[in-house]
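Remarks on the structure that follows.
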Amino acid sequence: MEKKISEEKNERSLNFLEEIIEKDLRNNINEGRVHTRFPPEPNGYLHIGHAKSICLNFGLGKKYNGKTNLRFDDTNPVKEDVEYVDSIMEDVRWLGFDWEDRLFYASDYFEQLYKYAVILIQKGKAYVCDMSAEEISETRGTPSRPGKESPYRTRSVEENLDLFTRMRAGEFPDGSKVLRAKINMASPNMHMRDPVLYRILHATHHRTGDKWCIYPMYDFAHGQSDSIERITHSICTLEFEVHRTLYDWLIREIGIYAPRQIEFARLNLSYTVMSKRKLLELVQQKKVNGWDDPRMPTICGLRRRGYTPESIRTFADIIGVAKRDNVIDMSLLEFCIREDLNKRSNRIMAILNPVKVIIDNFPEGRVEEMEAVNNPEDETKGKRHVPFSRELFIEREDFMEEPPKKFFRLFPGGEVRLRSAYILKCESVIKDLQKGEISEIHCTYDPETRSGMPQSNRKVKGTLHWVSVNHAVEAEVRLYDRLFSKENPDDAEEGKDFKDYLNPDSLKVCKGYLEPSVKNALPGEKFQFERLGYFIVDKDSTNDHLVFNRTVTLKDSWTRLEKNQ
RNA sequence: UGUCCGAUGGUGUAACUGGCAACACGACUGACUCUGGAUCAGUAGAGUCCAGGUUCGAACCCUGGUCGGACAACCA
């Protein structure tokens with residue numbers, strides 16, 4: 001009994017969407033049905049903000065034993081493309097969600113939508129307007145000043161019907177006429193000031209081809225599409241809150257099923273931008289290398305960066321949902337991927353900034369195979385062999401001639417553990433006077449301290465990773481960091497814009513020396529480079545030119561300590 | 001000088017719907033460690049935008065402010 005109580009306490013409390021849904025369920029609003037949808041426009045790539053929405057919609061569907069549709073809101077042929085349709089489906093699937101046989105397109109409903117428009121005209125609730133876009137805009141008024149009624153507002157039902165039919169038939173050029181709802185030009189809600197319902201667009205649609213030359217506006221398609229699909233809960237972002245009045249009006253006037261729209265605050269992430277327009281700008285101006293550049297917050301970018309679907313789902317779960325504006329710390333996303341990869345990725349050793357160590361008392365030409373644990377978090381991942389020889393690379397940062405306090409790494413006279421190998425002592429240093437840097441570190445090793453041997457338990461402060469010089473596999477390593485150096489790049493100073501805050505160090509390419517076990521690693525494979533971070537084999541990688549992307553560094557309490565000193 | 005929405009540690013989300021503010025990330029200690037990782041233990045940090053009111057009792061309810069956001073595309 002006590003246990004049950006504590007279990008109940010541990011249960012996560014409901015978010016406001018779940019609360020609304022459960023209330024509707026209790027009141028038997030939709031005969032117990034829960035049906036959601038994810039409705040992207042195929043005009044760009046999905047990003048982490050969409051991932052939040054996808055997880056929300058599909059998650060809710062699953063939680064309440066309901067269904068979730070994938071519907072493309074493809075009402076604007078000039079901006080949309082099958083390229084985006086394909087990438088969106090790939091991304092949703094990759095995230096781990098399944099719309100089963102419920103793949104829909106707003107364009108599937110064009111005929112039905114047209115009939116709805118005719119109903120409105122017949123009821124005297126819509127009219128054909130001949131004003132230009134500029135005139136319509138000028139007469140709309142401002143949020144605090146009412147608009148002016150269109151001179152075409154009083155056309156007869158017959159004339160409107162005739163004109164609308166001819167619009168569809170292609171008798172009029174683009175922009176010459178629109179169909180407008182007849183609501184209220186003085187409404188305090190701008191969206192109720194006779195909004196445009198249909199426009200003439202002689203454009204080829206990616207699905208309907210040239211069948212139509214009039215296309216419904218989003219506002220005339222979205223709500224009705226939800227209605228047609230009998231969506232119970234239309235979950236969308238905050239900016240559509242003001243549109244809800246219009247959707248409700250349309251649905252009431254047409255006389256069809258009314259879904260319930262609920263708005264939530266979109267995701268914002270620190271050190272990046274999330275608007276499609278801005279992401280497109282980065283791509284077009286080649287500030288990044290395409291939509292799937294690993295620095296992009298796009299799903300395909302994150303995938304290429306090495307993020308897992310699980311980590312993104314965890315992230316979506318952990319950030320919660322509410323209606324207030326929010327900026328999530330990038331460090332939370334990083335936490336999610338570290339947590340996931342720590343448990344699942346195998347470890348290897350790689351040196352990214354090498355300095356040579358020569359072990360003077362290790363026989364020349366001798367090679368020992370060291371046994372290394374693949375993943376200390378998961379014994380089932382087994383072990384591998386790593387060749388050890390007289391000449392090794394270690395990281396240049398792991399050696400200091402004059403070490404500060406608490407420096408646990410190598411320094412003259414000091415000892416360190418070489419991971420999965422021997423204890424090493426630094427005897428002397430050879431410097432390249434021209435370059436002013438160390439060229440060789442001469443050491444001795446203690447043969448009794450090989451990992452696993454009785455003497456190997458000797459306490460040494462630090463452990464270094466290493467790679468045998470003669471066995472090292474070279475690779476291109478792309479070190480990624482946050483795309484922007486400003487926490488909120490959108491918040492630009494006078495005369496600047498978000499691009500002025502791009503982090504110049506967001507990508508550094510270096511040559512890495514890796515242990516030979518990764519020689520045949522395939523694109524998509526993930527590893528932890530011990531003490532450095534998590535890395536994924538990039539799609540650019542080939543057999544004779546390995547390429548790795550750094551997903552995220554390991555948590556590093558040393559550089560933090562160093563900074564604070 | 002419009003309409004709508006929102007306001008809880010640095011960040012995000014909770015608070016069993018009115019019962020002395022919790023969880024996660026982050027930060028900081030320390031233990032442990034053949035990854036300065038992981039793990040474990042712990043600390044600091046908000047008195048809930050402000051002012052009134054209702055109530056035995058308010059983060060939750062009411063009133064009035066303040067601040068922030070959204071809305072004026074033949075975009076979605």
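Just so it is clear: chains get the letters A, B, ... in the order the sequence lines come, proteins before strands, and each one is counted from 1. Predicted model, so just to flag it, every value in this text is computed and none were measured.
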> Which residue lies toward the 5' end of RNA chain B, Arg417(A) or Pro143(A), if each is placed at its nearest nucleotide?
Replying inline: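 On the 5' side of the pair lies Pro143(A).
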>> Go nucleotide by nucleotide along RNA chain B from the 5' end; which of Arg338(A) and Ser144(A) gets its closest nucleotide reached first?
In response: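 Counting from the 5' end, the first nearest nucleotide belongs to Ser144(A).
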> Is any side-chain N or O of Arg409(A) under 3.5 Å from a base N or O of rG36(B), one able to act as donor and the other as acceptor?
Replying inline: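 Answer yes: a donor N or O sits under 3.5 Å from an acceptor.
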>> Regarding rG37(B), can its base be found pairing with the side chain of Glu377(A) as donor and acceptor, where the two atoms are less than 3.5 Å apart?
In response: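 Answer yes: a donor N or O sits under 3.5 Å from an acceptor.
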> Choosing from rA73(B), rA15(B), rU1(B), which nucleotide comes nearest the side chain of Lys79(A)?
Replying inline: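 Nearest to the side chain of Lys79(A) among the choices is rA73(B).
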>> So if I take every side-chain heavy atom of Glu41(A) and compare against rC75(B), rU3(B), rG36(B), which nucleotide ends up nearest?
In response: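 So the nucleotide nearest the side chain must be rC75(B).
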>> Would you say that Phe535(A) contacts Leu479(A) through its side chain, given a criterion of any heavy-atom pair below 4.5 Å between the two side chains?
In response: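 Heavy-atom side-chain distance check passes, below 4.5 Å.
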>> Suppose you measure atom C1' in rC4(B) against the same atom in rA72(B); what distance do you get, rounded to whole Å?
In response: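 My reading of the C1' atoms in rC4(B) and rA72(B) gives 15 Å.
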> Reading RNA chain B 5' to 3', how would its secondary structure be written in dot-bracket notation, given Watson-Crick and G-U pairs with both distances under 3.5 Å, brackets [ ] for crossing pairs and | for partners on other strands?
Replying inline: .((((((..((((.....[..)))).(((((.......))))).....(((((..]....))))))))))).....
Mind calculating the distance between [atom1] ([X]) and [atom2] ([N]) to the nearest angstrom?
{"X": "Asp325(A)", "N": "rU11(B)", "atom1": "CG", "atom2": "P", "result": "13 Å"}
{"X": "Ile200(A)", "N": "rA73(B)", "atom1": "CD1", "atom2": "P", "result": "20 Å"}
{"X": "Phe264(A)", "N": "rC5(B)", "atom1": "CZ", "atom2": "P", "result": "18 Å"}

>> Let's see if you get this right: which residues in residues 526-533 of chain A place a heavy atom under 4.0 Å from RNA chain B?
In response: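 Contacts with RNA chain B under 4.0 Å: Gln528(A), Glu530(A), Arg531(A).
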With a 4.0 Å cut-off on heavy atoms, is [X] in touch with a base, just the backbone sugar-phosphate, or nothing at all?
{"X": "Ser331(A)", "result": "sugar-phosphate"}
{"X": "Gly44(A)", "result": "nothing"}
{"X": "Val178(A)", "result": "base"}
{"X": "Phe407(A)", "result": "base"}

>> Other residues, nucleotides and ligands only: do more than 12 of their heavy atoms fall within 6.0 Å of NZ on Lys323(A)?
In response: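 Buried by this count: over 12 neighbours within 6.0 Å.
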> Minimum heavy-atom separation for Phe164(A) to Val128(A), with atom names?
Replying inline: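 Taking Phe164(A) first and Val128(A) second, the nearest heavy atoms are N-CG2, 4.0 Å.
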